[in-house]
Amino acid sequence: MKQQFLPLVVRGLMALLVIAFMLADSNAWAAPGQIPIILTGADRRPAISFDGDWSTIVDPYFSGLFSFHHQERSDGWFRNYKAQPGDSFPTEYDFSKAPKLKVPADWNTQRESLLYYEGPVWYEHDFTYQPKPRTRVFLHIGAANYRSWFWVNGQKVCEHEGGFTSFNCEVTGAVRAGGNFVVAAVDNTRHEDGVPTLETDWWNYGGLTRSVSLIEVPEAFIDQYDVHLSRAEGSVIEGWIHVAGAQSGAKVEVEIPELDAKTTASADKVGQFFFQMKVNGLERWSPETPKLYKVILRAGDDSIEERIGFRTVETRGTEILLNGKPVFLRGISIHAEAPYRTGRANTDKDAETLLGWAKELGCNYVRLAHYPHDESMLRAADRLGLLVWAENPVYWALEFDNPKVLAKAEQQLDEQIGTSRNHAAIILWSMANETPITDARTHFITTLADRARSLDPTRLITAALLVRAEGHTKIVDDPLGKALDVIGVNEYIGWYEQHPESADTTNWRIDYQKPLMVSEFGGGAKAGLHGGDKDRWTEEFQANIYRHQLGMLNRITQLRGMSPWVLMDFRSPNRVLAGIQDEFNRKGLISDQGEKKQAFYVLQKAYQDQSVGKPE
Ligand code: GCU
């Protein structure tokens, strides 16, 4: 037993270090006390929902927050001031008369005039509340793209940067009995020193794009936890729980009723509880059997009820082992674009539709690109048995030599892993996509990869790399490969380069003895456009690319999975070919209106026959 305990404590100390790290430098530009916290499983807690219609004011000059000399105003619109007769100054805004926008949603697809609006928008919402003794209150924001500021009753409660991760602002000291109001300013302006930066091949939907709510917790509460199956001991469930405000000597309890398993643990100096418990009769989670268990965490007056699947994932040479067995990842890449209505996907229905199509394709795996997706998507993947590649929005050419940019990427990574670490579906944390090969970049992403590994040593680290070619040989030798457990490569033979048939004569040289994933390949097609398989933009041309790609990929003995680009057409301002693209990337196997293209059936057949990828 003693022997068994050691690794967990060491790992725990590393996790502690990182948590301290996280608390230290995230949101470096937010004032103390206004730094949002990470809450694991926030969506599992009872909450007062603020979803619905919010009053909104579009403010391109941000004059609600900055004066004409660009100083931050003390009398900004966050005060939600109501003009009074006899005022000696004009009040030039009134939320009660302002038009509404829905939350959660992007603003771009809600109003024609806002489709391509990038800039600040103000949101205001009234609510009644009754403060309770020995209770702390947090404003939970599922996501706000890109920079956001929050005030309750005119009091600043937090600021945040990053459009795809959830965060929680303490409002205990700001709420009052009776009528309250929350005001948010959200600005989706793109920044050179942003994460992502100026250029993306997806539309930069702005707004409170995921649910907003009020969460009440006791003075000592569980803010983060990790519950997983030990890789070393097949029937040992282990992990840690961090309790904010924990009294020394406090105890926590972890219970899995269905396995008749329960254990308690005591706190260390910083409110961290490590636990291990032996279980009998565990049914492991896998795509074939996506078994989820009710797990109850108790700490003093606080408790959380989770639904968690238990599985292990690791590599062995060039193999990926799921529950100790080699696995081939039959996947597809997916953007968080809502089917049919377009805009940011954020509902259970969106998730069911998108992942339902992936299951119909015969997938056991999906790449959720290029940023953290909504918890509803991850919960659906857990339920449906779809393995997940989850990605941090380090996309294309960031300012890799700027330490502030690294801090932003680290903060987003901390929030992503802190929030989503208990999803059995997630097996891969991707650090980046298609970044230029420079020393600054390799150092930047290697730092992120090391951070991810210390935050979560139970999963695999990857990234989507560009590949170079010499003649008919594709060469995978990007130095970043050293920092990864699994190598992802994007290639577009037959679309951006050469012809579909060129895949037949393409060889691959892979300079790493690691599992290889082809994280992107594909081509564009307008649904319903038909012609010969040499006619670009037709379904026949796209299907032809897939046929030749599948042949080539089967010749790569080190290949352990693929996620063709992309499940569904998605909005992108780069794609302006009239009558064909119309501001959508048309590489989907399905159009944004649900029309399946021929290539959908080519890939479906290969996945259902399992004629691609042979786990050795
Ligand atoms: C790139 C990139 C995607 C993009 C795709 C395309 O590889 O990673 O974000 O949409 O190619 O060009 O369609």
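Numbering of ligands and ligand atoms starts at 1, following listing order.
- Backbone and side-chain nitrogen or oxygen atoms of N433 are examined, and one is located within less than 3.5 angstrom of a nitrogen or oxygen of ligand 1.
- Per-residue contacts place H370 under 4.0 angstrom from the following atoms of ligand 1 (heavy atoms of the residue considered): 3 (C), 8 (O), 9 (O).
- Residue contacts with ligand 1, taken as heavy atom pairs separated by less than 4.0 Å, involve W565 solely via side-chain atoms from C-beta onward.
- Figure legend: cation-pi geometry between R344 and W203 absent, as NZ or CZ is not positioned both under 6.0 Å from the six-membered ring centre and within 45° of its axis.
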Could you go step by step and tell me if N490 and S519 meet the side-chain hydrogen bond (donor to acceptor under 3.5 Å, both in side chains) rule? CA-CA 5 Å; N490 295 356; S519 32; 2.6 Å; yes
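- Heavy atoms of N585 found under 4.0 angstrom from ligand 1 belong exclusively to the side chain.
- Shown here is H530, whose NE2 atom has more than 12 heavy atoms of other residues, nucleotides or ligands within 6.0 Å.
- Classified by interplanar angle (parallel below 30°, tilted 30° to 60°, perpendicular above 60°), the ring pair Y395/W202 is perpendicular.
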Where do Q416 and Q412 land on the side-chain hydrogen bond (donor to acceptor under 3.5 Å, both in side chains) test, with the steps shown first? CA-CA 6 Å; Q416 178 180 27; Q412 294 187 31; over 6 Å; no
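- Summary of contacts: the protein heavy atom closest to atom 4 (C) of ligand 1 is D201 OD2, 3.2 Å.
- Screening V467, V476, T506 for a side-chain contact (heavy atoms from CB on, under 4.5 Å) involving E491 leaves a single residue, V467.
- Contact annotation: for R575 versus ligand 1, heavy atoms closer than 4.0 Å belong to the side chain alone.
- Contact check for I487 versus D478: no side-chain heavy atoms found under the 4.5 Å cut-off.
- Each of the following atoms of ligand 1 lies closer than 4.0 Å to a heavy atom of F570: 10 (O).
- Counting atoms of ligand 1 from 1 in the listed order, those under 4.0 Å from a heavy atom of E434 are 1 (C), 2 (C), 7 (O), 8 (O).
- With sequence neighbours left out, the side chain to side chain contact (heavy atoms under 4.5 Å, CB included) criterion links Y117 to V58, P60, W107, L114, P120, V121.
- In this structure, atom 13 (O) of ligand 1 lies nearest to the protein heavy atom K587 NZ, 2.6 Å.
- Taking every non-hydrogen atom of Y496 and a distance limit under 4.0 Å, the qualifying atoms of ligand 1 come out as 6 (C), 12 (O), 13 (O).
- Between W396 and ligand 1, a contact under 3.5 Å exists for no N or O pair.
- Comparing heavy-atom distances from atom 11 (O) of ligand 1 across H335, E491, E520, R586 singles out E520 as nearest.
- By the criterion of a heavy-atom distance under 4.0 Å, neither the backbone nor the side chain of F521 is placed next to ligand 1.
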